[in-house]
Amino acid sequence: MRKKFVAGNWKMHGSFQQNTALLENLKAHVSDVACEVAVCVPYPYLAQAQSMVEGSVIGLGAQNLSEHVSGAFTGEVSASMLKEFGCRYVLVGHSERRAQYGESDAVVAAKFAAAQAVGIVPVLCVGESLAERQSGLTAQVVSRQLSAVLDLLGVAALESSVVAYEPVWAIGTGMTATPGQAQEVHFAIRSQVAVQNAVIAGGLRILYGGSVKPQNAKELFAQADIDGGLIGGAALVADDFLAICRAAA
Ligand code: PGA
């Protein structure tokens, strides 16, 4: 039985003041939520978030990391640094990083490996663009993105990881995939893993992301292969994020 998981992706939002208000609010109400909950915060706020979520059920995550262990990589942040700040999770391959920072499938797979090497759970983001969907390439694109990790690290690597299916056209646009559209891709992802190892596939949590809101969360999370959500905009509003967490319970 896979435990549902809802993770907030704050992206480049927040301030000391806003984070305090948001996390205080989440902490006050999260204990009545049955799913696993995490927040992925900007690097400079890791220390603040770490001290605020300590002792609560909220897990801490980052939004990116370097594929390198250490060295002359100005501006980069390593997995072991994230570990020192108590990160349990890190997003890898978010579509904004793939599209705006040129992260290739190979780089994303290397980041996935770097996270696991220090015991951080990578949340591998995959998803097709609107043009790719319209060209009927959804299955092919998602499969290729997943294969990059499977080919580099083997199926066993997926045991301590999470996958997030985020159709690019649904991110921040208000255009959510229908539960049926999402389920179809989630099933394909699980099936691709199952070809190599059915037990790992059965235990793999696959989150949906892309304009998840309190209004659509329940129906999405009710799909057989949707194990929770990766939440952007709605994760910045405590009441909305909590409502989405409750929808996953
Ligand atoms: P959104 O973002 O919920 O604002 O669409 C999701 C994400 O990018 O992770």
Side-chain angles (χ1 to χ4, degrees), residues 1-5 7 9 36 38 40 59-71 73 76-83 87-95 97-99 101-128 132 137-168 182-209 224-230:
M1 184 64 185
R2 300 182 296 268
K3 187 173 184 184
K4 289 263 198 298
F5 179 30
N9 171 13
E36 195 174 331
C40 298
L60 184 61
Q63 301 169 14
N64 181 33
L65 80 168
S66 171
E67 67 272 38
H68 302 290
V69 172
S70 68
F73 301 104
E76 292 292 284
V77 171
S78 73
S80 61
M81 293 172 188
L82 297 182
K83 187 80 182 167
C87 284
R88 208 180 292 165
Y89 304 99
V90 63
L91 307 182
V92 297
H94 189 282
S95 61
R97 299 220 50 92
R98 292 180 189 263
Y101 301 92
E103 289 190 11
S104 64
D105 291 335
V107 165
V108 172
K111 290 185 176 203
F112 185 107
Q116 282 194 331
V118 301
I120 295 178
V121 174
V123 178
L124 172 68
C125 304
V126 298
E128 82 288 0
E132 287 163 343
L137 294 173
T138 299
Q140 198 177 313
V141 168
V142 171
S143 165
R144 189 201 71 222
Q145 291 171 336
L146 182 61
S147 291
V149 169
L150 287 170
D151 293 349
L152 181 71
L153 303 168
V155 69
L158 288 186
E159 223 165 352
S160 44
S161 79
V162 174
V163 173
Y165 169 57
E166 300 202 304
V168 179
Q183 165 58 23
E184 189 181 347
V185 180
H186 283 234
F187 177 75
I189 292 168
R190 199 179 305 287
S191 303
Q192 185 179 348
V193 178
V195 168
Q196 297 192 24
N197 188 314
V199 175
I200 291 174
L204 178 65
R205 290 189 292 186
I206 307 173
L207 313 183
Y208 170 79
D225 291 293
I226 301 185
D227 305 306
L230 181 56

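Numbering of residues begins at 1 and proceeds along the displayed sequence.
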Worksheet entry | Mutual orientation of the aromatic rings belonging to F73 and H68 [parallel < 30°, tilted 30-60°, perpendicular > 60°] |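 Answer is parallel, since the angle falls under 30°.
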Practice prompt. Answer with yes or no whether the side chains of Y165 and E128 bring together a donor and an acceptor at under 3.5 Å.
Written response: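 Yes, side-chain donor-acceptor contact under 3.5 Å.
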Worksheet item: Can a donor-acceptor pair be found between the side chains of E184 and T138 at a distance below 3.5 Å?
Response: no
With no hydrogens and no angle check, is any side-chain donor or acceptor of [X] less than 3.5 Å from a backbone partner on [Y]?
| X | Y | answer |
| --- | --- | --- |
| Q145 | V126 | no |
| E132 | V141 | no |
| R2 | D227 | no |
| R205 | K3 | yes |

Item to complete: Can you establish whether the number of heavy atoms outside Q140 located under 6.0 Å from its atom CD is more than 12?
Response: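 Atom CD in Q140 is not packed in, count stays at 12 or less.
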Working to the nearest 0.5 angstrom, can you tell me the gap between [X] [atom1] and [Y] [atom2]?
| X | Y | atom1 | atom2 | result |
| --- | --- | --- | --- | --- |
| L153 | S161 | CG | OG | 9.5 Å |
| Q192 | S147 | CD | OG | 4.0 Å |
| R144 | L150 | CZ | CG | 13.5 Å |
| Y208 | Q183 | OH | CD | 13.0 Å |
| F187 | I226 | CZ | CD1 | 13.0 Å |
| L158 | L124 | CG | CG | 7.5 Å |

Worksheet item: Given the rule in the side-chain contact (heavy atoms from CB on, under 4.5 Å) test, do D105 and R98 qualify, once you have shown the distances and angles that lead to the verdict?
Response: CA-CA 8 Å; D105 291 335; R98 292 180 189 263; 2.8 Å; yes
Discussion item. Ignoring hydrogens, what is the shortest heavy-atom contact between G61 and C87? Give both atom names and the distance.
Written reply: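 Shortest heavy-atom separation between G61 and C87 comes out as C-SG, 4.1 Å.
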Item to complete: Compare every heavy atom of A156 with every heavy atom of I200, then report the nearest pair and how far apart it is.
Response: CD1-CA, 3.8 Å
Worksheet item: Could you walk me through whether L207 and V163 pass the side-chain contact (heavy atoms from CB on, under 4.5 Å) check?
Response: CA-CA 6 Å; L207 313 183; V163 173; over 6 Å; no
Discussion item. A side-chain contact here means heavy atoms from C-beta on lying under 4.5 Å apart; do V185 and I206 qualify?
Written reply: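 A side-chain contact is absent here, since even the closest heavy-atom pair is not under 4.5 Å.
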Discussion item. Let's go through D151 and V149 carefully: what are the C-alpha distance in whole Å and the side-chain angles of both, what is the deciding distance for side-chain contact (heavy atoms from CB on, under 4.5 Å) to 0.1 Å, and is it a yes or a no?
Written reply: CA-CA 5 Å; D151 293 349; V149 169; over 6 Å; no
With a 3.5 Å cut-off and sequence neighbours excluded, list the donor-acceptor pairs that the side chains of residues 106-123 form with protein atoms.
unit_1	atom_1	unit_2	atom_2	d
K111	NZ	N64	OD1	2.8
K111	NZ	L65	O	3.0
K111	NZ	E103	OE2	2.7
Q116	NE2	A157	O	2.6
Q116	NE2	S160	O	3.1
Q116	NE2	S160	OG	3.3

Practice prompt. Not counting sequence neighbours, which residues clear salt bridge (charged side-chain N to carboxylate O under 4.0 Å, His left out) with D225? List them please.
Written response: R190
Fill in: Test log, rule side-chain contact (heavy atoms from CB on, under 4.5 Å), inputs L230 and L91
CA-CA 10 Å; L230 181 56; L91 307 182; 4.0 Å; yes
